[in-house]
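Here is how names work: the chains are called A, B, and so on, in the same order as the sequence lines, proteins then strands, and each is numbered from 1.
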Protein chains: 2
Amino acid sequence: MSAKIKDVAEWAGVSVATVSRVLGGGAVSIELRERVELAVAQLGYRPNLSARRLRSQHSKTVGLIVSDIRNPFFTAVSRAVEDVAYRAGMRVILCNADEDPDKEAMYLRLMQEERVSGVIFSPTGMTVRCFRADLYEFPVVMIDRDGPTGLTDAVVLDNRQAGKMLVEHLIGHGYRKIGGLFGKISTTGIERHAGYEAALAQHGLPSAVRFVAPSTEAAAAAVRAWLAEPDWPDALIVSNGLLLLGAVHALTEAGLSIPDDMALAGFDNDVWTGLVGHGLTVIEQPVYDIGVVAMEMLLARLENPSMAKRKVVLNGTLLPRASTNCRAGLAQTRAT
Amino acid sequence: MSAKIKDVAEWAGVSVATVSRVLGGGAVSIELRERVELAVAQLGYRPNLSARRLRSQHSKTVGLIVSDIRNPFFTAVSRAVEDVAYRAGMRVILCNADEDPDKEAMYLRLMQEERVSGVIFSPTGMTVRCFRADLYEFPVVMIDRDGPTGLTDAVVLDNRQAGKMLVEHLIGHGYRKIGGLFGKISTTGIERHAGYEAALAQHGLPSAVRFVAPSTEAAAAAVRAWLAEPDWPDALIVSNGLLLLGAVHALTEAGLSIPDDMALAGFDNDVWTGLVGHGLTVIEQPVYDIGVVAMEMLLARLENPSMAKRKVVLNGTLLPRASTNCRAGLAQTRAT
DNA sequence: GATTTCATTGAAAACGATTACCATTGGTTG
DNA sequence: CAACCAATGGTAATCGTTTTCAATGAAATC
């Protein structure tokens with residue numbers, strides 16, 4: 001059994017209050033402070049965080065609920081959240097909800113039991129629609145997906161604009177039959193789709209879309225089915241990295257050339273996107289920044305709970321590469 | 001302020017002990033049990049985990065200390081650890097130690113303060129050499145890297161054998177000048193290097209190695225420097241996914257063809273390895289299994305602390321692909 | 001020199017659960 | 001009918017901290 005504060009106090013010949021003050025940076029004479037520090041070192045004393053949290057009523061812990069840590073987007077975000085959190089003296093509890101509203105509810109309940117200081121959460125469309133922030137005693141910062149404005153803080157990408165940007169890039173490179181493949185569970189897919197439709201409508205071009213479950217396999221299957229139909233698009237926009245990989249698999253196994261048989265563009269600058277052929281054109285999200293901003297917003301909210309809710313909208317940047325037949329992209333890839 | 005157990009007791013007209021028994025599955029008459037459950041539901045009561053942990057002296061929490069969650073190897077492992085942990089009613093605290101012994105020590109101290117039930121840890125070579133398991137009150141399971149046998153439980157890959165396997169694959173495909181690029185911080189790099197040397201020695205072939213810091217950029221720089229020398233190998237073995245990516249970058253930017261100018265093989269079946277050219281030959285680690293086994297070992301150890309220490313050695317599987325000019329690999333890639 | 005002020009320190013009361021121990025009840029048995 | 005027992009509920013101690021409050025003594029003010 002490890003040493004308790006009482007042992008330290010006895011060893012140093014002071015009261016437990018004094019030890020606590022030394023640890024917490026209170027006012028203690030230099031002499032006692034040294035005696036206590038020596039005792040702490042000699043006994044190898046480590047405070048019990050459960051006791052501390054119970055008494056002081058703040059956990060210094062944040063919950064991070066993502067859909068799947070294996071998605072490079074979320075690993076980058078979580079790394080950023082952790083960096084900022086640990087630097088601020090807070091711990092992080094990570095949960096994978098697998099885009100499943102039941103699991104989300106379960107983890108939210110768990111966060112209450114932990115009495116976390118706050119939660120950073122990337123919810124499904126389902127949960128976002130019926131989320132009642134007032135049910136929880138901790139502030140929530142939504143990331144990637146956003147709910148009805150003003151309910152919680154949020155940091156998201158300008159998905160609509162990014163969707164438009166991708167379509168316009170393709171139009172600018174001469175493509176006219178531009179298909180879209182979007183995730184059907186998250187709100188990001190919906191918004192990117194909206195941008196896609198808006199850009200096409202603006203140019204008087206027809207749209208052709210498929211909505212799929214959020215998995216590489218589902219995307220591959222959808223593209224496979226599409227290729228079996230008589231009439232495919234000559235360019236395809238895919239709404240996130242996981243789905244994009246599925247599309248690549250389906251096109252490769254069909255022996256089709258990118259971009260000659262079908263151009264391809266998508267979201268998320270995952271490492272592999274630079275390595276398919278001469279590179280895939282993608283919208284790069286500021287993944288690390290998203291995590292940093294989310295955690296900083298949470299810290300600010302804890303500092304000042306009554307502050308008006310904020311929504312930070314970040315912009316993606318277009319990385320033109322060879323998969324959309326972009327000469328700039330080709331040149332860049334060769335040079336790199 | 002949320003409801004406490006006392007409020008529930010008053011609401012239901014019973015004592016706090018009865019409420020606690022209902023929650024903990026003790027012996028309570030059916031009638032009172034129903035009254036309590038109703039009260040819990042109506043008040044939205046959630047037990048305070050800090051209080052529970054303080055009193056019951058077990059945290060039901062495990063620490064997971066990895067070097068970087070952005071490394072796909074560790075994301076897969078961590079996902080597995082979490083799945084098993086949450087299924088066993090335990091929470092996971094994740095820490096990134098960045099291959100830095102100081103950070104490792106800091107997080108280990110944090111784990112003590114949290115009074116975690118156990119820790120799963122992927123230490124640097126430095127920490128592994130001077131790790132004193134008896135300093136900590138929780139059991140530790142080492143993953144990926146292993147310390148002196150018998151000190152802690154461990155689950156690792158048979159790195160030596162995997163290194164040999166890769167060399168023999170290359171020799172079998174006619175390569176004779178086989179270089180090696182290994183990480184210099186972790187023990188995995190050392191062991192894989194040992195297997196590499198052993199296999200070459202067995203065939204009477206010369207070795208040529210470089211050791212680098214564990215980053216993609218360091219690997220790219222090393223390969224770049226190597227290519228500037230007059231005499232490079234005609235095949236290169238790289239000791240992990242991060243470094244392998246660096247090698248690919250360096251070779252690509254030098255305009256060299258894989259495998260015509262240089263064959264390439266490595267470790268970790270990260271998604272992108274299947275997408276470079278017609279695929280990179282790699283040793284695939286059973287990443288998810290490693291996490292599952294590690295967490296299960298930890299649970300077993302908690303169940304029975306006096307059990308003899310175990311070390312589980314898993315085998316990698318060779319995925320022959322086009323980067324080593326492997327016809328089997330080529331065919332497979334085309335078919336997939 | 002007496003009174004006020006101030007910085008230190010210690011004693012003890014929380015924090016919110018679990019649980020050992022005791023008291024009550026009603027039924028069964030000798 | 002007395003006595004014992006099983007089942008159930010309540011009381012209070014406990015976990016290891018932080019924090020309030022009062023006490024102490026030294027310095028400062030008048």
Side-chain angles (χ1 to χ4, degrees), chain A residues 1-37 39-40 43-61 89 91 109-117 137, chain B residues 1-37 39-40 43-61 89 91 109-117 137:
Chain A
M1 186 59 82
S2 61
K4 314 156 209 278
I5 201 171
K6 202 174 153 189
D7 303 321
V8 176
E10 278 168 15
W11 217 96
V14 299
S15 73
V16 293
T18 303
V19 178
S20 176
R21 274 189 277 259
V22 170
L23 266 42
V28 183
S29 68
I30 187 92
E31 192 220 329
L32 288 200
R33 160 162 269 122
E34 274 169 5
R35 287 228 305 271
V36 169
E37 274 163 359
V40 166
L43 294 174
Y45 167 77
R46 291 275 111 208
N48 181 320
L49 290 184
S50 291
R52 176 176 287 182
R53 287 202 263 258
L54 172 60
R55 171 62 229 216
S56 61
Q57 299 291 58
H58 50 65
S59 62
K60 291 210 156 247
T61 298
R91 281 148 262 321
R109 251 195 333 268
L110 175 65
M111 293 304 121
Q112 274 184 260
E113 300 188 356
E114 291 277 3
R115 302 295 192 270
V116 294
S117 307
E137 284 163 52
Chain B
M1 186 58 81
S2 63
K4 315 156 207 276
I5 199 169
K6 203 173 154 191
D7 303 322
V8 176
E10 277 169 15
W11 217 97
V14 299
S15 74
V16 293
T18 304
V19 178
S20 178
R21 273 190 278 262
V22 170
L23 265 42
V28 183
S29 68
I30 186 93
E31 192 221 328
L32 288 201
R33 159 161 270 120
E34 276 169 3
R35 288 229 304 271
V36 169
E37 275 163 357
V40 166
L43 294 174
Y45 169 75
R46 292 274 110 209
N48 181 319
L49 289 183
S50 292
R52 176 178 289 184
R53 287 202 263 258
L54 173 59
R55 170 63 227 224
S56 60
Q57 300 291 55
H58 48 63
S59 63
K60 291 208 155 250
T61 298
R91 279 149 264 320
R109 248 195 336 268
L110 176 64
M111 294 301 122
Q112 274 184 260
E113 300 189 354
E114 289 278 3
R115 303 294 193 273
V116 295
S117 307
E137 284 164 50

Among dG16(C), dT18(D), dG16(D), the one nearest Val16(A) by side-chain distance: dT18(D)

Proximity to the side chain of Ala17(A) - top-ranked nucleotide from dT17(D), dA12(D), dG10(C): dG10(C)

dT17(D) phosphate, OP1 or OP2, under 4.0 Å from Gln57(A) side-chain N/O: no

Could you list all N or O pairs between the protein and nucleotides 5-9 of chain C that sit under 3.5 Å apart?
residue, atom, partner, partner atom, Å
dT9(C), OP1, Ser29(A), OG, 2.7
dT9(C), OP2, Ser29(A), N, 2.7
dT9(C), OP2, Ser29(A), OG, 3.3

N/O donor-acceptor pair under 3.5 Å between Arg35(B) side chain and Ala12(B) backbone: yes

N/O donor-acceptor pair under 3.5 Å between Thr18(B) side chain and Val14(B) backbone: no

Any donor-acceptor N/O pair under 3.5 Å between dT17(D) base and Arg55(A) side chain: no

Check: dT17(D) base within 3.5 Å donor-acceptor of Arg52(A) side chain: no

Residue pair Ala9(B) / Val16(B): nearest heavy atoms and the distance that separates them: CB-N, 3.7 Å

Atom of Ser117(B), atom of Ser59(B) and distance for their closest heavy-atom approach: N-OG, 3.2 Å

Atom-to-atom span, [atom1] of [X] to [atom2] of [N] - whole angstrom:
{"X": "Lys4(A)", "N": "dT17(D)", "atom1": "NZ", "atom2": "C1'", "value": "12 Å"}
{"X": "Arg115(B)", "N": "dT17(D)", "atom1": "CZ", "atom2": "P", "value": "7 Å"}
{"X": "Leu23(A)", "N": "dG16(D)", "atom1": "CG", "atom2": "P", "value": "15 Å"}
{"X": "Arg53(B)", "N": "dC15(C)", "atom1": "CZ", "atom2": "C1'", "value": "15 Å"}
{"X": "Ile5(B)", "N": "dA17(C)", "atom1": "CD1", "atom2": "P", "value": "6 Å"}
{"X": "Lys6(B)", "N": "dT18(C)", "atom1": "NZ", "atom2": "P", "value": "16 Å"}
{"X": "Leu49(B)", "N": "dA17(C)", "atom1": "CG", "atom2": "C1'", "value": "10 Å"}
{"X": "Arg46(A)", "N": "dC15(D)", "atom1": "CZ", "atom2": "P", "value": "22 Å"}

N-O pairing of Arg53(B) and Glu114(A) below 4.0 Å: yes

N-O pairing of Glu113(B) and Arg109(B) below 4.0 Å: no

Residue list, side chain to side chain donor-acceptor pair (under 3.5 Å) with Arg33(B), at least two apart or on another chain: none

